[in-house]
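The basis for the numbers below is simple: all heavy atoms, side chains too, and nothing from hydrogens, waters or symmetry mates. Letters A, B, ... mirror the listed sequences (proteins, then strands); counts begin at 1.
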There are 2 protein chains.
Amino acid sequence: MGVFWRNGYKATSVSDIVRETGLNTASMYKEFGDKDGLFLETLSHYRNHIIGPRYQILIDNPNLTGVEMFLKNVFLGAAKQEYKGCLMMNHLAQKHVVGVDAAQKIEAFCAEIESLIEIALKNAQSEGDIGSDKDTSQLASFVVFCVHGAVLYGRHDTKKPIIPKFYDTVMRELRR
Amino acid sequence: MGVFWRNGYKATSVSDIVRETGLNTASMYKEFGDKDGLFLETLSHYRNHIIGPRYQILIDNPNLTGVEMFLKNVFLGAAKQEYKGCLMMNHLAQKHVVGVDAAQKIEAFCAEIESLIEIALKNAQSEGDIGSDKDTSQLASFVVFCVHGAVLYGRHDTKKPIIPKFYDTVMRELRR
DNA sequence: GAGATTGTAAAATAATTATTTTAAAATGTC
DNA sequence: GACATTTTAAAATAATTATTTTACAATCTC
């Protein structure tokens, strides 16, 4: 997964994958069909094991209180990813490159976490933590954009991700 | 430029470029050396003719007043780009793929517009349009991130860019 | 443990893509 | 208008990369 994450679908050769994973070329083709199939599987794995767990608490507790603490964790989790950004988001600009199946998968994933966050925001709203005039759908987009798009913008020279900087901004926007 | 913009450096073949530009293959190699040289030239062109003009007003008027109007124009300009995102930003996550020259060029460009915006924000601050307690450097990062990173996050299904949504958020953050 | 099945390494093939060459057409120079 | 230079289209080559095959080792079944 690492190579796809770092260099993107097209710039990742099958040899790279074989080298990195130790997988056998033939086994790989038998298991996943082709490079595209492997990429789809990678997306699923990323969703289920890397990002998923971070949002699992929202699934487990549909009435979760304390969005603030949750968001802080999500931001920090994203900031730790060695500045590689979000595997899915890094491919959002490349729908034609990754193919339609992968593009759909990525978009479905984004929609999914967006609606999870929206539910959490609505809860917070009904508890008075967020003003009743707020557009929770728009705020949810904004949160997803800042969390999953932001490492992209981490500078290579400073080697520092920019996400933590944005956490405060997002929180102010929620509380305003 | 279009192909690079839409599909990224690695997924763009020389044939694609030749087809799109009508350029002759041999002339292309004579003029730019190789694909990489052409990409570097593309980045320069993008900077000088596509994005540059949008920020030119900041260079021409170091004491520009009315950041708000300026920012609005920048947001709208970005939102119009056929949802391809920012050519440079789309490559930020791929420093190893595009090579070190291109990566440096992209980062220099980002730093440049960030500091232009920071100057404008400082002016606004000294005129009282922005609170004196604000960290203009951080705000500038935030603006660049929202303007140049946001189309990335426009959904393919809805075909709508998300940038306009963020304009309000950014303005609130400035005025807060 | 013989025989069937599965996994593996390495080489072979196929497909794509970057770059160069070639020979002709276009253009410029005197 | 003849000659030199430059541009162009097309084919040729080189390099890379995706996929398949082959021959063999490991594992499993009875």
Side-chain angles (χ1 to χ4, degrees), chain A residues 1-49 84-85 87-88 90-106, chain B residues 1-47 49 84-85 87-88 90-106 156:
Chain A
M1 182 164 66
V3 217
F4 275 137
W5 203 343
R6 204 174 327 105
N7 296 340
Y9 177 77
K10 192 70 191 217
T12 300
S13 74
V14 174
S15 322
D16 290 338
I17 297 165
V18 166
R19 192 179 322 111
E20 160 147 324
T21 62
L23 218 67
N24 178 274
T25 311
S27 318
M28 189 289 250
Y29 276 93
K30 178 152 205 200
E31 183 83 16
F32 303 105
D34 56 8
K35 185 185 166 189
D36 208 62
L38 176 65
F39 184 62
L40 286 172
E41 209 45 56
T42 303
L43 289 177
S44 293
H45 181 269
Y46 179 77
R47 179 218 131 119
N48 295 331
H49 296 95
K84 288 200 299 278
L87 169 67
M88 302 244 184
N90 287 357
H91 286 92
L92 251 191
Q94 315 198 348
K95 58 180 161 181
H96 297 303
V97 178
V98 297
V100 6
D101 287 352
Q104 282 175 357
K105 209 158 192 164
I106 291 172
Chain B
M1 180 163 66
V3 218
F4 275 138
W5 203 344
R6 205 173 326 104
N7 296 339
Y9 177 78
K10 191 70 193 218
T12 300
S13 75
V14 174
S15 322
D16 289 339
I17 297 165
V18 166
R19 192 179 322 112
E20 159 146 326
T21 62
L23 220 68
N24 179 274
T25 311
S27 319
M28 188 290 249
Y29 276 94
K30 176 151 207 207
E31 182 82 18
F32 304 105
D34 55 9
K35 187 186 165 189
D36 206 64
L38 176 64
F39 184 62
L40 286 172
E41 209 45 55
T42 302
L43 288 177
S44 293
H45 181 269
Y46 178 78
R47 179 219 131 120
H49 296 95
K84 289 199 300 278
L87 169 67
M88 302 243 185
N90 288 357
H91 285 92
L92 252 191
Q94 316 197 350
K95 59 178 158 180
H96 297 303
V97 178
V98 298
V100 5
D101 287 352
Q104 282 176 356
K105 209 158 190 164
I106 291 172
H156 304 133

**Q** Examine distances only and state if a side-chain atom of B:Gln94 and a backbone atom of A:Gly8 form a donor-acceptor pair shorter than 3.5 Å.
**A** no

**Q** I'd like to check the salt bridge (Lys or Arg N to Asp or Glu O under 4.0 Å) partners of B:Glu41; sequence neighbours left out, ordered by chain and number.
**A** none

**Q** Of all residues at least two apart in sequence or in a different chain, which pass the side-chain hydrogen bond (donor to acceptor under 3.5 Å, both in side chains) check with B:Arg6?
**A** none

**Q** Could you pull out all residues at least two apart from A:Lys105 that satisfy side-chain hydrogen bond (donor to acceptor under 3.5 Å, both in side chains)?
**A** A:Ser44

**Q** Does A:Gln104 have any side chain to side chain contact (heavy atoms under 4.5 Å, CB included) partners at least two apart in sequence or in another chain, and if so, which?
**A** A:Val100

**Q** Apply ring-ring contact (aromatic ring centres under 6.0 Å, His included) to A:His96 and list each qualifying residue two or more places apart in sequence or on a separate chain.
**A** none

**Q** By a strict heavy-atom criterion of less than 4.0 Å, which residues belonging to residues 2-22 of chain B are in contact with DNA chain D?
**A** B:Lys10

**Q** Which residues within residues 28-43 of chain B lie with some heavy atom under 4.0 Å of an atom in DNA chain C?
**A** B:Tyr29, B:Asp34, B:Lys35

**Q** Would you indicate which nucleotide in C:dT8, C:dT19, D:dT19 comes nearest to any side-chain atom of A:Ala26?
**A** C:dT8

**Q** How would you list, by chain and number, every residue that makes a side chain to side chain contact (heavy atoms under 4.5 Å, CB included) with B:Ala102, sequence neighbours excluded?
**A** B:Phe39, B:Leu40, B:Leu43, B:Val98

**Q** Identify the pairs formed between an N or O of the protein and an N or O of nucleotides 24-28 of chain D at a distance under 3.5 Å, and give each distance.
**A**
none

**Q** Among all residues two or more places apart in sequence or in another chain, which pass the side chain to side chain contact (heavy atoms under 4.5 Å, CB included) test with B:Ser13?
**A** B:Ser15, B:Asp16

**Q** What pairs of residues pass the side chain to side chain donor-acceptor pair (under 3.5 Å) test when at least one of them lies in residues 28-39 of chain B, not counting sequence neighbours?
**A** B:Tyr9-B:Asp36

**Q** Can you tell which of D:dA9, C:dT8, C:dT19 lies closest to the side chain of B:Asn24?
**A** D:dA9

**Q** Output all residues satisfying side chain to side chain contact (heavy atoms under 4.5 Å, CB included) with A:Thr21, sequence neighbours left out; order by chain, then residue number.
**A** A:Ile17, A:Leu23

